[in-house]
Amino acid sequence: TRSTRPQRLLRAVQKKAIKGDPQSVISTIDYFCRHSEWAMNVGDEKGAILDSVVCEVSPSTALELGTYCGYSTVRIARLLPPGTKLITLEFNPDYAAVARQIIEYSGLQDKICLVEGASGDLIPKMQELFGIKTFDFVFLDHWKDRYLPDIKLLEECQLLRKGSILLADNVICPGTPDYLEYVRNSPLYESKYFKSHLEYTKVEDGLEKSVFLG
Ligand SMILES: O=C(NC/C=C/[C@H]1OC[C@H](O)[C@@H]1O)c1cc([N+](=O)[O-])cc(O)c1O
Ligand SMILES: [Mg+2]
């Protein structure tokens, strides 16, 4: 049977990127998605905004919802100081299998813990599985209708603290209207929109950065 797009993306990384070099893995994926096949990575333009927020927060504990092929996982982990952990949750086992290989190829496997499963099931287990008290940084990039229920779950499980930063992809395209309405109107958050474009296109999209006020 025909290979899948994630498998073709992985093959491009194994063929063209330098093993152990996260930046070359990132550049190879961006080149593949611009010149061969579009894929739903956060991409280079929004990725630069993601980089600047990760550097500003310099998190000790970080959570990513929606690994896909591991592009943003590698982008985030390459900026984390030694001894910090990025936990990334992926529901789709085929995506997870590709992401594991891309993460390993980048050489960042010691900073990343990829867990397969539904975010709604795994978030309440973060304390027991990883001894996590609170997350300094959360990147939301999974199913768009799960953003709102999952941050409410993070609140209920007391996994956010004063100053925790949420960064959400695709708040315009495909769009997360209920999430946006919540973080922009709830007294629990201070929210800011970073205008950009849908990865590898001219379509408007953006990232929403929200500080939990506790
Ligand atoms: O659905 C998107 N992401 C959620 C991914 C959902 C799938 O991967 C994680 C989950 O296991 C599910 O199988 C998405 C879609 C577009 N898009 O343009 O359609 C652009 C993006 O940046 C996106 O993150
Ligand atoms: Mg996205």
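Quick note: residue numbers are just sequence positions, from 1. Order of appearance sets the numbers: ligands from 1, and atoms from 1 within every ligand. Predicted model only: the values in this text are computed from it and were never measured. Only heavy atoms go into these numbers, but all of them, side chains included; no hydrogens, no water, no symmetry mates.
Distances from the Mg ion (ligand 2) show that Asp141 has an N/O/S atom below 2.8 Å. Counting backbone and side-chain atoms alike, Asn170 contributes an N/O/S atom closer than 2.8 Å to the Mg ion (ligand 2).
Contact between Tyr68 and ligand 1 is absent, with no heavy atom of the residue lying under 4.0 Å from the ligand. Under a 4.0 angstrom heavy-atom cut-off, Trp38 registers as being in contact with ligand 1.
Ligand 1 has an N or O atom lying under 3.5 Å from an N or O atom of Lys144, backbone or side chain. Any N or O atom pair closer than 3.5 Å counts here, and Asn41 shares no such pair with ligand 1. Inclusion of Tyr95 in the set of residues having an N or O under 3.5 Å from an N or O of ligand 1 is not warranted.
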Item checked: Arg75 vs Glu64, salt bridge (Lys or Arg N to Asp or Glu O under 4.0 Å): CA-CA, chis, key distance, verdict -> CA-CA 11 Å; Arg75 274 206 90 108; Glu64 175 181 59; over 6 Å; no
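For the Mg ion (ligand 2), the nearest N, O or S atom contributed by Asp169 is named OD2.
Partner His142 forms a side-chain hydrogen bond (donor to acceptor under 3.5 Å, both in side chains) with one of Asp169, Asp150, Asn170 and no other, that one being Asp150. For the salt bridge (charged side-chain N to carboxylate O under 4.0 Å, His left out) test with Lys46, the passing option among Asp141, Asp205, Asp30, Asp51 is Asp205; the others fail.
Counting only non-hydrogen atoms, the option in Asn92, Asp141, Asp169 that gets closest to atom 24 (O) of ligand 1 is Asp141.
Ring geometry for His35 against Tyr31 counts as tilted: the plane angle lies between 30° and 60°, on a 0 to 90° scale.
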